Amino acid sequence: MAPHIGLILGTGLGDLGERIQQKTVIPYAEIPYFPESTVQFHAGKLISGELGSKQILAMQGRFHYYEGYPMHEITLPVRVMYQLGIRTLIISNAAGGIRQEFAPGTLALVNDHINLMGDNPLIGPYETFLGSRFPDMSEPYSRLLRDLAHKTADDLGIELLDCIYAAVSGPNFETRAEIRMLQAFNVDSIGMSVVPEVLVARQLAMDVLAINAITDQALPEKMQPISHEQVSRVAKEITPTFNLLVEEIIKRI
Ligand code: HPA
């Protein structure tokens, strides 16, 4: 059966893909024109099957700009999902907390974003099949889906904070001065993904929901060195709560 919902599982969050029933698994390496996932802790598989009584298509691991692929390549899977009939996209990632309340282990629902990646996947020659040339961004993250996510989290007793998310290119983590700037920009969380996928999804008028798993706190006053290993470890610790929440959201969509 054709999938209705797309799911992108970020760093350390791939476990939800294992809960998919009656699944078909396709390694990215076997998909024509897909880049190869080069990041440690990213599985690099497309999984289709049933989750929360819905037909879904999940990316276990994504492509990042910092891997050196152009924006239009890292977002190709979103266009593939659209061509397969998917109109609802749930995106997840590991992110750093910029605000005091955003302690490691928190889940945050993105309600808006700032693109600080210095690039944009929508730049380039235009054909109408790509969607709108000048996509509107007044509601990049569907209000209906956000309300559903909050209601679901409340019912499950899971804390789900709202956030403004900023995407940077990476791969380095931020300096103190950069974090102070982000605080001045009213940014709550920071990461190296999500925004390119959202821009393409919105160009295609897909409904988007994005959830950050906060894996570290980047506060200039008490900054600790962070590593990719720590990000992956904390994301894995959040996994049971993340899985519970996302599966229930999918059930209710
Ligand atoms: N900064 C940028 N990207 C991230 C972070 C961070 O602190 N944590 C996880 N991804």
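For clarity, every value in this text was computed on a predicted model and none was experimentally measured. Both ligands and their constituent atoms are indexed starting at 1 by order of listing. Values below: every heavy atom of this structure, side chains too, minus hydrogens, waters and symmetry copies.
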Under-4.0 Å salt bridge between Arg252 and Glu248:
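Glu248 and Arg252: salt-bridged.
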With a 4.0 Å cut-off, would you call Asp147 and Lys151 a salt bridge?
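Salt bridge flag = no for Lys151 with Asp147.
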For Phe63 and Tyr69, take the angle between the two ring planes, folded into 0 to 90°, and tell me which bin it lands in: parallel under 30, tilted 30 to 60, perpendicular over 60.
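Taking Tyr69 first and then Phe63, their aromatic rings stand perpendicular (interplane angle over 60°).
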Other residues, nucleotides and ligands only: do more than 12 of their heavy atoms fall within 6.0 Å of CD on Glu221?
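Buried by this count: over 12 neighbours within 6.0 Å.
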What about Leu76 and Leu130, same hydrophobic cluster or not, with Ile/Leu/Val/Met/Phe/Trp/Tyr joined at side-chain heavy-atom distances under 4.5 Å?
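No, because Leu76 and Leu130 fall into different hydrophobic clusters, even though each may have its own neighbours under 4.5 Å.
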Atom pairs and distances, ligand 1 N/O vs protein N/O under 3.5 Å:
{"unit_1": "ligand 1", "atom_1": "1 (N)", "unit_2": "Glu174", "atom_2": "OE1", "d": "2.7"}
{"unit_1": "ligand 1", "atom_1": "1 (N)", "unit_2": "Glu174", "atom_2": "OE2", "d": "3.4"}
{"unit_1": "ligand 1", "atom_1": "7 (O)", "unit_2": "Asp216", "atom_2": "OD2", "d": "2.7"}
{"unit_1": "ligand 1", "atom_1": "8 (N)", "unit_2": "Gly96", "atom_2": "N", "d": "3.3"}
{"unit_1": "ligand 1", "atom_1": "8 (N)", "unit_2": "Asp216", "atom_2": "OD1", "d": "2.7"}
{"unit_1": "ligand 1", "atom_1": "10 (N)", "unit_2": "Ala94", "atom_2": "O", "d": "3.4"}

Hydrophobic cluster partners of Leu161 (side-chain heavy atoms under 4.5 Å):
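Reading the cluster by chain and number, Leu161 sits alongside Phe102, Ile214.
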